[in-house]
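Taking it in order: structure first as structure tokens, then the write-up.
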Amino acid sequence: MKDTDPHLKYNNRAQNLNGFEEVVEFLPATNTKKVEKTGPKRKFIALGVVVGAFLLSLTIGLLVWHFAYRSVPVQKVYTGYLRVTNYLFIDAYENPSSPEFAELSAKVINVLQTTYQGHPDVGPHFIQCNVTAFSEGSVIAYYWAEFSVPAYREAALDKAINELKVDNVKLRKGTSLVVENFAVYAVDIQTARDFRNSKCRFPLHADPGSVKKFSTPGFPDFPYPANALCHWALRADANHVIRLHFKTFKMEPCKPPKGDYVMVYDSLTQAEPKAIVKLCGSYPPSYNLTFVSSQNVVLVALITDSKGKHPGFMAEFSQLPKRTLCGGYLRDSNGIITTPHYPAHYPPNIECTWDIQVPGDKYVKVRFNMFYLGDQKDNACLNDYVEINSKRYCGEQKNLVVSSNSSRIVVRFRSDQSYTDTGFTAQYLSYEPKNPCPDQFTCKSGRCIATALQCDGWNDCGDFSDESSCICSEYMFRCTKSQYCKPNFFKCDGVNDCGDNSDELECKCPEKNIKCGNGKCIPEAQKCDGTDNCGDGSDESECGKAVATPCTENTYRCKNNLCITKKNPECDSENDCTDGSDEADATCNCGKRPYSRKSRIVGGVNADIGEWPWQVSLHTAKDGHTCGASLVSPSILLSAAHCFQDMQGIRYSDPAVWTAYLGLHDQAKRTSNKDVEVRKIKRIVAHKDFSDFTYDNDIAVLELERPVTYTDFIQPICIPDSSYDFPAGKSIWVTGWGALSEGGSGAGILQKAEIRIINQTECNKFLDDQLTVRMICAGFLTGGIDACQGDSGGPLSSVENNGKVYLAGIVSWGEGCARRNKPGVYTKVSKMRDWIKTNAGL
């Protein structure tokens, strides 16, 4: 539809109005008779001119309004389905080229045309309609219909279409079509384009007991086509459902509302209320992209624009028997319940009820280990939900436990007809009413936690019941409003941990003063004056512009050796250095995560495949995985110096002892995964001032025997400048294959944990002043989350606002693993920047 032009355009040609030409007569001054005018006649002429001009303007305005807006045609497309009850489905109806398909299609079209043309608000605008597919039940016909309607009649057409009823229509030769369940939906013009084009339509039928594959055109050697609308109509046998799984999904990054995307429908037509999921961007192979239909048909639609060149997707599908997949009467003392097909996405339009009763005089509770059910809107669960004790739960729930004050509990799950999610897995348990959590603390919800977690400043119960009525220890302070106790290192870290900001209120400087990053107070007038009055550069670092300044350890040094005041200027898409070195490819071609999507991990803290592509596993022949490392260039790794100290008769300082695995996720597949690159180590340079007593200067450079090629699973992490600031309170990630518990065995799958940087002064109180300026403290004083044996040398990764990921630290040391009040200590990479440049050339 072409937009109307709001500007009226006029030409300067003489206008012929009603066939008369305008005549101008020049009169001689002496002809007084002709010059003479009578008063009243002049008034009538003037009035007539004004009225004529008004009527002319009104006529022109009405014509412009009519032709520029009122009568401009709007293209409208509707799709839907109807059920033909006096026909039985036959295999020939699956083939759009078969005579049987054409015959029944013609009858359905006749019904639609007759219905449309018989309605005064619909018939005048009808252009054409067509049947795209049939499926079982008796026969369901999927159709689209096209209309062209003036803009001012668009609303009336929408209303009439939605209220339209399809009657049973007598056809030629005395036959008739018995029709019911007529459904209609408006279609986005973007998804409706080329609906008459069958070049990119692929009908597929599942084979019993086997899996079929399909992919975007050209995959994987060529990008999918631009400006395309492709359909894959997936079918299964009657009384079966379809299981669809995307094995590879790499498309243009999401650009709502347009861009390239894939829609999956629980239907054979593009009806929005039947959409199961909308996908765009890229997903790692380990991400859960498995979907199950509610019936024996699924439509996969690919919609692309004119930009971007990406591989697309490769998917597979199979059929499963349609049966009652959930619910029932459960009478054991404990057990597991899940949504249908978990961990695949549950089907749309399903309802399950579990009637649980435990034996004896015990009570019962349900503990949800994973819970993702659609979205919560306005604090209400209107679409997909779980209902227990007359209360609904939906969205994302963490640590959800629901108890019953009896031996019986009823769990009801419901999904509507569109947009599904991962669902839930839960355990129901029986317990003694008088002692629900033996040797543990009982949360108000009924959840059981270790007694050591009570009054530790963390909401372990999920409802804060473990933090109520607590006495704060010497290492804690009390929030003003909630009265909860919090660790002292939460004060003045820039994070509102209390919820009422009371942990940050006592950090303010006197009036008309500002607080520096190092805690010093200076007058407001000294901020952004081009001078480092704080001593740490913080008063000049966030002034919106980079100002040249004398070089100190807190300023950023450009390649031309000029220093600027701006805080963390690297790779922020602004050329702050006069030589552009802060945005150079050599500086910014790092820290990329092709698979950076926040994923939902089933069962704990497994990392996704490709989520941390700079993570390296270092092996020895004797110990297997021994330490971690970080890739910082095609041939250079950074790790911890303590990993390469000779001991127990093994020369760990010898490069020949080590083998590096890059792009690794599962240790069991390090030799079989084609995405993993294996390299021997050519050179090891440990910091000459490393102390195996204090662990100061715990850093080492490793040179690979030959460079690696960057892939989606192998990427370098950014090395921060010496002035780069990672403030206390910042969330940060530690990863590795180290032991899952102190003294325990190592992990098979790469693990990840989100922790927080702890204020150096507060951390030193817990670690007996063992920290140096080349160390950074991070973790949780509650314990439970920490690096451990085997994680040494691995990265402490900081995800920054510019989308880059920086190596904030290197796993170095700690007192045990995940102990309370004993956070982990990491080598502070920014303080080692000059040493890295000297020994690695970076």
Side-chain angles (χ1 to χ4, degrees), residues 273 276 292 294 323-343 345-437 440-449 459-468 482 600:
I276 296 177
V292 180
S294 68
R323 60 180 183 269
T324 303
L325 297 167
C326 60
Y329 294 89
L330 306 176
R331 297 296 181 259
D332 295 327
S333 59
N334 60 79
I336 301 292
I337 61 175
T338 69
T339 44
H341 305 290
Y342 183 87
H345 288 59
Y346 51 79
N349 198 28
I350 196 169
E351 186 170 328
C352 314
T353 301
W354 293 270
D355 188 325
I356 303 169
Q357 185 162 3
V358 298
D361 56 356
K362 294 184 177 181
Y363 286 1
V364 61
K365 60 184 174 182
V366 181
R367 181 173 64 206
F368 291 89
N369 300 315
M370 196 66 63
F371 191 107
Y372 297 105
L373 261 66
D375 295 321
Q376 189 176 48
K377 297 181 179 179
D378 300 324
N379 296 320
C381 298
L382 304 176
N383 301 320
D384 304 345
Y385 58 83
V386 165
E387 186 176 68
I388 309 175
N389 298 337
S390 300
K391 183 177 180 180
R392 292 182 179 183
Y393 303 89
C394 59
E396 178 180 350
Q397 300 285 342
K398 294 182 178 180
N399 304 322
L400 176 62
V401 179
V402 184
S403 302
S404 176
N405 294 327
S406 72
S407 61
R408 182 171 178 261
I409 194 168
V410 177
V411 180
R412 177 172 170 255
F413 162 67
R414 178 191 178 276
S415 69
D416 65 5
Q417 65 177 349
S418 66
Y419 290 102
T420 64
D421 212 324
T422 307
F424 68 79
T425 175
Q427 182 181 18
Y428 70 88
L429 304 160
S430 59
Y431 64 93
E432 294 287 348
K434 295 182 179 180
N435 188 18
C437 298
Q440 291 183 300
F441 175 80
T442 305
C443 302
K444 187 176 180 180
S445 65
R447 185 181 180 215
C448 303
I449 64 170
N459 180 21
D460 300 291
C461 282
D463 58 8
F464 289 97
S465 56
D466 57 317
E467 298 303 312
S468 300
S482 67
R600 299 166 172 181

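In this text, all values refer to a predicted model and were calculated from it rather than measured experimentally.
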Practice item. Output, in order, the C-alpha distance, side-chain angles, deciding distance and verdict of side-chain contact (heavy atoms from CB on, under 4.5 Å) for Tyr431 and Val358. Key: CA-CA 9 Å; Tyr431 64 93; Val358 298; over 6 Å; no
Nearest-0.5 Å distance, [atom1] of residue [X] to [atom2] of residue [Y]:
X: Phe424; Y: Leu373; atom1: CZ; atom2: CG; result: 7.0 Å
X: Gln417; Y: Ile276; atom1: CD; atom2: CD1; result: 11.0 Å
X: His345; Y: Thr422; atom1: NE2; atom2: OG1; result: 4.5 Å
X: Asn349; Y: Thr420; atom1: CG; atom2: OG1; result: 12.0 Å
X: Asn369; Y: Thr338; atom1: CG; atom2: OG1; result: 11.5 Å
X: Ile337; Y: Ile356; atom1: CD1; atom2: CD1; result: 4.5 Å

Review point. Got a sec, which residues hit side chain to side chain donor-acceptor pair (under 3.5 Å) with Asn334, two or more places apart in sequence or on another chain?
Key: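 Asn334 satisfies side chain to side chain donor-acceptor pair (under 3.5 Å) with no residue once adjacent residues are dropped.
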Exercise for review: Could you tell me which residues satisfy side chain to side chain donor-acceptor pair (under 3.5 Å) with Gln357, sequence neighbours excluded, listed by chain and number?
Suggested key: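 Side chain to side chain donor-acceptor pair (under 3.5 Å) check on Gln357 returns nothing, list empty.
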Checking the side chain of [X] only, and the main-chain atoms of [Y] only, is there a donor and an acceptor separated by less than 3.5 Å?
X: Ser415; Y: Pro347; answer: yes
X: Lys444; Y: Ser465; answer: no
X: Asn399; Y: Cys461; answer: no
X: Ser430; Y: Val364; answer: no

Residues two or more places apart in sequence or in another chain: which of them pass side-chain contact (heavy atoms from CB on, under 4.5 Å) with [X]?
X: Cys352; answer: Cys326, Pro340, Ile350, Trp354, Phe413
X: Pro433; answer: Tyr363
X: Ser482; answer: Cys479, Tyr484
X: Asp416; answer: Asn383, Asp384, Arg414, Ser418

Review point. Among pairs that include at least one residue of residues 354-436, which meet disulfide bond (SG atoms under 2.5 Å apart), considering only residues two or more places apart or in two chains?
Key: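 Qualifying pairs: Cys381-Cys394.
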Please report, to 0.1 Å, the donor-acceptor pairs under 3.5 Å made by any side chain of residues 401-411, with sequence neighbours excluded.
{"residue": "Ser403", "atom": "OG", "partner": "Ser445", "partner atom": "O", "Å": "3.2"}
{"residue": "Ser404", "atom": "OG", "partner": "Ser406", "partner atom": "OG", "Å": "3.2"}
{"residue": "Ser404", "atom": "OG", "partner": "Arg408", "partner atom": "O", "Å": "2.8"}
{"residue": "Ser406", "atom": "OG", "partner": "Arg408", "partner atom": "N", "Å": "3.2"}
{"residue": "Ser406", "atom": "OG", "partner": "Arg408", "partner atom": "O", "Å": "3.1"}
{"residue": "Arg408", "atom": "NE", "partner": "Asp355", "partner atom": "OD1", "Å": "3.1"}
{"residue": "Arg408", "atom": "NH2", "partner": "Asp355", "partner atom": "OD2", "Å": "2.8"}

Review point. Is Asp361 atom CG crowded by more than 12 heavy atoms from other residues, nucleotides or ligands, each under 6.0 Å away?
Key: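 No, not enclosed.
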Exercise for review: Measure across Asp463 and Asn459 and return the closest heavy-atom pair with its distance rounded to 0.1 Å.
Suggested key: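 Answer, listing the atom of Asp463 first, then Asn459: N-OD1, 3.4 Å.
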Practice item. With sequence neighbours left out, write down each residue that passes salt bridge (charged side-chain N to carboxylate O under 4.0 Å, His left out) with Arg412, or none if nothing qualifies. Key: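 Residues passing salt bridge (charged side-chain N to carboxylate O under 4.0 Å, His left out) with Arg412: Glu351, Glu387.
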Review point. Looking at residues at least two apart in the chain, or sitting in another chain, which of them share a salt bridge (charged side-chain N to carboxylate O under 4.0 Å, His left out) with Glu432?
Key: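 With neighbours one apart ignored, the set is empty.
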Point to revise | Cys437 and Cys448 SG atoms less than 2.5 angstrom apart | key: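 Looking at Cys437 and Cys448, their sulfur gamma atoms lie closer than 2.5 Å, so the answer is yes.
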Exercise for review: Just jot down the ring-ring contact (aromatic ring centres under 6.0 Å, His included) partners of Phe371, sequence neighbours excluded, or say none.
Suggested key: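 For Phe371 the ring-ring contact (aromatic ring centres under 6.0 Å, His included) partners, ignoring immediate neighbours, are Phe368.
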**Study point:** Verdict with supporting geometry, Val292 and Tyr346, side-chain contact (heavy atoms from CB on, under 4.5 Å)
**Key:** CA-CA 6 Å; Val292 180; Tyr346 51 79; over 6 Å; no
Check your understanding: Do Val386 and Leu400 have side-chain heavy atoms sitting under 4.5 Å apart?
Key ->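 Not in contact.
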Exercise for review: Take Tyr342 and Met370 through the test side-chain contact (heavy atoms from CB on, under 4.5 Å) and record every step on the way to the result.
Suggested key: CA-CA 10 Å; Tyr342 183 87; Met370 196 66 63; 3.4 Å; yes
